Asks: 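Dropping the structure in here first, questions after.
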Amino acid sequence: MDSLIIEEEDEEALATLVPVPPRRKTHSYSLQFDHKPHHQIRKHSLDEVPRSATLASEAVYFDSSDDEFSTGGNITENAADETNAGAEEYTIVNPPPNVGLGDDDTEPLPEFIGAGGGSGIFKVPVRAAVHPGRPPCLELRPHPLRETQTGRFLRNIACTETQLWAGQENGIRFWNLEDAYEAGCGIGGQVPRGDEDTAPFHESVTTSPTMCLVADQSNKLLWSGHKDGKIRAWKMDQSSVSHDDDDSDPFKERVSWLAHRGPVNSIVISSYGDMWSCSEGGVIKIWPWDTLEKSLLLKPEEKHMAALLVERSAIDLRSQVTVNGTCSISSSEVKFLLADSVRAKVWAVQSLSFSIWDARSKDLLKVLNVDGQVENRGDLPPIQDQQVDDEMKLKFFSASKREKPQGFLQRSRNAIMGAAGAVRRVATRSAGAFSEDTRKTEAIVLAVDGTIWTGSISGLIVQWDGNGNRLRDVNHHHRPVLCFCTFGDRIYVGYASGYIQVLDLDGKLISSWVSHNEPVIKLAAGGGFIFSLATHGGVRGWYVTSPGPLDNIIRTELSQKETLYARQDNVRILIGTWNVGQGRASHDALMSWLGSVTSDVGIVAVGLQEVEMGAGFLAMSAAKETVGLEGSAVGQWWIDAIGKALDEKNTFERMGSRQLAGLLISLWARKDIRTHVGDLDVAAVPCGFGRAIGNKGGVGLRIRVYDRIMCFVNCHLAAHLEAVNRRNADFNHIFRLMVFSRGQNLSNAAAAGVSTSAYTTKSNTIPSTGAEEIKSDLAAADMVAFFGDFNYRLFGITYDEARDFISQRSFDWLRERDQLRAEMKVGKVFQGMREALITFPPTYKFERNRSGLGGYDSGEKKRIPAWCDRVIYRDTQSSPFSESNLQCPVVSSVIMYGFMTTFLMFLAFSGLFNVFSPF
């Protein structure tokens with residue numbers, strides 16, 4: 001190790017100490033807790049060696065005997081430690097010399113990497129220009145930010161050999177596939193936000209939200225059904241507007257008419273040319289082709305007459321099968337229609353039943369349920385919904401007359417436990433009352449061999465013959481089937497997990513890959529591609545030859561030419577954590593904490609603990625969570641105060657926040673990168689009494705930054721020196737059960753009014769028919785940062801010894817007694833995550849109105865100082881020295897509340913654009 005420079009005052013302090021004790025074997029805290037310290041320390045006042053609490057301007061020196069750190073960027077493994085011989089080793093990573101990541105030439109700090117990463121739910125996701133786990137794809141429309149799609153979300157797609165049409169919430173758009181590799185230019189050269197990297201496309205006039213599309217290639221028409229009940233026809237040979245022209249007028253429909261009172265759910269063209277459409281209430285209508293043909297021959301000026309002509313020709317099938325008030329089909333919503341051109345039949349799909357019709361005579365042939373059983377009539381009385389209690393009763397325990405009166409703390413604990421039990425009971429009853437029938441049909445398709453395939457919410461895929469006889473069942477994935485598509489003898493299946501599977505005509509699995517990080521809602525074949533549409537609006541094209549030998553050739557070529565289509569963006573992230581102890585800070589205090597270090601920061605994430613406490617508040621917070629409500633007036637005060645310190649109106653924009661009882665997390669983005677930041681989701685996992693109260697737990701925010709997913713989690717873990725296993729369990733509970741969803745306190749209008757859902761067990765997204773392990777939302781992120789009051793303490797050391805070490809700034813010795821470091825070494829918590837070298841005094845426990853190192857708790861309890869406030873993260877970098885590094889730890893001293901910890905994180909992102917996507 002390089003020789004270290006020691007100042008005179010440090011040398012004097014170190015001269016009074018005995019040599020560094022020998023290195024201890026690495027094992028769990030449970031084995032170390034009862035060990036005695038290995039050395040004697042001279043007792044003296046903390047004021048003998050005064051130090052500033054702010055370390056950003058001071059040099060940091062380490063004892064030359066500290067063998068935890070290496071030089072030159074190499075990884076040092078504890079190979080000589082016999083205790084860890086059978087376990088995965090932790091590592092210490094030093095940055096390479098002369099590496100300055102910022103304009104201030106501040107070098108990153110050495111990092112400690114915990115053991116246990118790289119397997120199970122702690123396995124880091126693969127991120128590469130060419131993903132090795134799936135075929136190369138055409139990135140027709142990259143994933144747009146959610147807030148840019150308000151009122152413009154894509155709902156469905158239909159494809160021909162030369163065009164891809166998409167229905168959106170405000171109309172129709174189409175791409176000419178010959179322009180798919182061109183740079184995005186939007187309409188007439190004007191690119192709307194969210195479509196900057198989309199291939200050139202053309203949009204229609206504004207319409208009601210599009211519910212369904214069908215391509216009628218024989219007549220060169222695209223038919224669309226809309227939420228307002230209208231059906232519209234669009235000419236496929238629209239005069240394409242070149243991106244060099246100034247003409248940006250949207251194209252108009254050829255003809256339209258009011259088909260249903262409710263939304264048009266599905267449209268098909270039968271083998272006889274007639275159009276079938278369906279809607280709510282079990283309504284199915286037929287529009288004869290001869291009438292449609294006449295309406296299309298009329299001039300555009302005669303559109304009103306054409307609409308009347310078509311509307312009067314409608315054939316209502318439900319009225320035809322109703323005799324004496326009894327209907328042969330169910331009155332539930334008809335979701336899908338399927339034209340069986342092989343047998344001249346039409347299938348109508350309802351949630352739990354099918355009806356089969358003759359396309360020529362329009363007669364009802366059969367009604368059967370999803371189990372294949374024939375039904376005589378479907379108009380059965382609806383099943384009454386289970387009754388759910390509208391009010392939650394909080395049961396407070398009172399002391400028995402025979403027992404001694406209980407103290408205030410015991411009564412408060414009993415009240416909270418009673419509230420937790422009531423919350424669990426209500427949540428359980430509500431979940432059972434509103435759970436969906438997993439047999440519901442969500443997709444249907446006709447295969448090339450004439451068989452019918454249906455998919456359900458449970459992931460079950462059923463094959464039927466043309467007469468409605470059930471042939472076989474297959475289940476290759478446990479998530480809901482949302483869409484089908486066929487090409488030749490292959491069947492493509494889109495799942496809610498984002499997976500696409502390829503099956504043969506016998507239902508055997510040929511291939512499977514993750515196509516999107518959100519559900520695949522539509523698939524369409526054409527032009528040599530299978531196009532997939534995800535809920536976020538991204539569209540990708542998969543070669544029909546995939547998987548195959550051509551994939552490897554394309555991967556090789558793309559990897560060699562990555563610099564031609566990839567770009568790198570950098571952003572600095574400031575993460576701050578503070579246990580405010582139910583108090584409020586002045587503007588000056590917040591400015592000294594955050595305002596002075598945000599000059600070149602792009603994103604600010606702030607986590608607070610104990611914003612508000614008390615038995616009554618905790619019980620009410622738990623009750624509100626069950627109905628999707630969160631937040632408090634005190635929490636809003638803190639958010640406004642932090643925003644003011646960050647100059648929110650001029651410099652930063654508030655992205656969102658999440659509060660769970662006393663836990664609060666909020667996030668801001670600098671306005672000059674705001675266009676690259678969005679899709680913010682929230683989550684909360686209580687870990688308090690009965691795993692239902694938020695006095696302990698975690699709140700998280702998930703956000704997309706430069707097309708990368710980041711998760712920020714603010715935690716408050718179990719307290720007390722001996723509760724190490726409980727803290728480990730709290731982290732594991734949060735990591736596994738944190739599920740993100742749109743919340744209330746989001747800045748974008750797209751998420752307004754959507755309540756935050758309670759945490760649920762996350763299902764795995766790996767297709768398998770056997771046992772599946774839980775897959776966490778946090779495990780799928782590119783970067784995860786945990787911060788907050790973790791409550792890990794120093795073990796094997798007394799209060800006076802800890803104060804003496806702090807006064808001498810011997811943090812390297814104190815780190816050897818850090819519970820968190822010891823547990824990370826053996827892979828029991830924060831597996832595979834990184835923490836920068838701690839170069840500041842312990843942040844716990846300070847007395848109010850006493851600042852500096854003399855402010856540590858000196859009362860009756862004399863709680864041993866510890867590094868309770870931490871920032872730990874992991875990214876997807878494969879190199880030992882990651883481009884995501886913590887640097888410049890800042891510890892601000894505030895008189896009233898002691899210490900708040902802030903870390904500056906620098907991240908380098910490699911993003912792709914236009915044609916190919918990184919994930």
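This chain uses plain numbering: 1 for the first residue, then up along the sequence. Remember, it's a predicted structure, so these values are computed and weren't measured experimentally. Atom set for the values below is all heavy atoms of this structure, side chains included, hydrogens, waters and symmetry mates excluded.
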Asks: Do Tyr499 and His477 make the cut of ring centroids closer than 6.0 angstrom?
Replies: yes
Asks: Would Trp234 and Phe251 count as a close aromatic pair, with their ring centres under 6.0 Å?
Replies: yes
Asks: May I ask you to check whether Ser355 and Trp357 show a side-chain donor-acceptor distance below 3.5 Å?
Replies: yes
Asks: Can you tell me how far CG of Leu471 sits from CD of Gln463, rounded to the nearest 0.5 angstrom?
Replies: 5.0 Å
Asks: Ignoring hydrogens and geometry beyond distance, is a side-chain donor-acceptor pair present between Tyr492 and Gln501 at under 3.5 Å?
Replies: no
Asks: So for atom NZ, which belongs to Lys227, do other residues, nucleotides or ligands contribute more than 12 heavy atoms lying within a distance under 6.0 Å?
Replies: no
Asks: I'd like to know whether Ser330 forms a side chain to side chain contact (heavy atoms under 4.5 Å, CB included) with Gln350, so could you lay out the CA-CA distance, the side-chain angles of the two residues, the decisive distance to 0.1 Å, and finally the verdict.
Replies: CA-CA 8 Å; Ser330 170; Gln350 295 170 292; 3.7 Å; yes
Asks: Which one of Thr486, Val493, Leu338 satisfies the side chain to side chain contact (heavy atoms under 4.5 Å, CB included) criterion with Val445?
Replies: Thr486
Asks: Looking at CG of Leu292 and CG of Leu297, how far apart are the two atoms once the value is rounded to the nearest 0.5 Å?
Replies: 11.0 Å
Asks: Can you list the steps and then say if Phe531 with Val539 is a side chain to side chain contact (heavy atoms under 4.5 Å, CB included)?
Replies: CA-CA 7 Å; Phe531 290 97; Val539 180; 4.2 Å; yes
Asks: Starting at CD of Glu253, measure out to OG of Ser204 and round the result to the nearest 0.5 Å.
Replies: 8.0 Å
Asks: Will you find, in the side chains of Asp681 and Ser741, an N or O donor that is under 3.5 Å from an N or O acceptor?
Replies: no
Asks: Side chains of Thr207 and Arg232, heavy atoms from C-beta outward: is any pair under 4.5 Å?
Replies: yes
Asks: Can you confirm if the NZ or CZ of Arg173 lies within 45° of the ring axis of Phe201 and under 6.0 Å from the centre of its six-membered ring?
Replies: yes
Asks: Does any part of the side chain of Ser295, heavy atoms only, come nearer than 4.5 Å to the side chain of Val310, both counted from C-beta?
Replies: yes
Asks: Just by modelled atom types, is the Ser515 backbone N or O under 3.5 Å from a matching donor or acceptor in the Arg540 side chain?
Replies: yes
Asks: For Gln168 and Asn170, does a side-chain donor sit closer than 3.5 Å to a side-chain acceptor?
Replies: yes
Asks: How about Lys235: does its NZ atom have over 12 heavy atoms from other parts shown lying under 6.0 Å from it?
Replies: no
Asks: Between Glu196 and Gly194 (side chain of the first, backbone of the second, donor and acceptor by atom type, cut-off under 3.5 Å), is there such a pair?
Replies: yes
Asks: For the pair Trp464 and Trp347, name the ring-plane relationship: parallel under 30°, tilted 30 to 60°, perpendicular over 60°.
Replies: perpendicular
Asks: With side chain to side chain contact (heavy atoms under 4.5 Å, CB included) as the criterion, how do His260 and Asn265 come out once you've worked through the C-alpha distance, each side chain's angles and the decisive distance to 0.1 Å?
Replies: CA-CA 10 Å; His260 297 273; Asn265 292 333; over 6 Å; no
Asks: Could Asp274 and Lys285 be called an ion pair, given the rule that one side-chain N must be under 4.0 Å from one carboxylate O?
Replies: no
Asks: Regarding Thr451 and Trp453, is there a side-chain donor-to-acceptor distance under 3.5 Å anywhere?
Replies: yes
Asks: Does the distance from a Lys or Arg side-chain N to an Asp or Glu carboxylate O, for Glu442 and Lys335, drop under 4.0 Å?
Replies: yes
Asks: Cut-off 3.5 Å, side chains only: do Gln217 and Thr160 have a donor facing an acceptor?
Replies: no
Asks: Whether Asp195 and Arg141 form a salt bridge (side-chain N of Lys/Arg under 4.0 Å from carboxylate O of Asp/Glu) is what I want to check.
Replies: yes
Asks: Does a side-chain N-to-carboxylate-O contact under 4.0 Å join Lys440 and Asp437?
Replies: no
Asks: Please round to the nearest 0.5 Å and tell me the distance separating atom CG of Leu482 and atom CG of Leu533.
Replies: 11.0 Å
Asks: Is it true that Trp175 and Trp165 have ring centroids separated by less than 6.0 Å?
Replies: no
Asks: Are any of the side-chain nitrogens in Arg674 or Glu147 under 4.0 Å away from the carboxylate oxygens of its partner?
Replies: yes
Asks: Is any side-chain heavy atom of Ser341 closer than 4.5 Å to one of Leu446?
Replies: yes
Asks: Going by an N to O cut-off under 4.0 Å, is there a salt bridge joining Arg704 and Asp679?
Replies: yes
Asks: Does the side chain to side chain contact (heavy atoms under 4.5 Å, CB included) test come out yes or no for Ile500 and Trp542, once each step is laid out?
Replies: CA-CA 10 Å; Ile500 288 180; Trp542 310 92; 3.7 Å; yes
Asks: Do we see a donor-acceptor contact under 3.5 Å between the side chains of Ser277 and Trp287?
Replies: yes
Asks: With no hydrogens and no angle check, is any side-chain donor or acceptor of Asp316 less than 3.5 Å from a backbone partner on Arg318?
Replies: yes
Asks: So how far is it from Tyr272 OH to Ile286 CD1, rounded to the nearest 0.5 Å?
Replies: 12.5 Å
Asks: State the CG-CG distance between Asn219 and Leu296, to the nearest 0.5 angstrom.
Replies: 7.5 Å
Asks: Would you say the side chain of Leu364 lies within less than 4.5 Å of the side chain of Val321, judging by non-hydrogen atoms?
Replies: yes
Asks: For Ala344, does its backbone N or O pair with a side-chain atom of Asp340 as donor and acceptor, under 3.5 Å?
Replies: no
Asks: Can you confirm whether Ser532 sits close enough to His516 that some side-chain heavy atom of one is under 4.5 Å from a side-chain heavy atom of the other?
Replies: yes
Asks: Please answer whether the main-chain N or O of Cys327 pairs with a side-chain N or O of Thr322 as donor and acceptor at a distance below 3.5 Å.
Replies: no
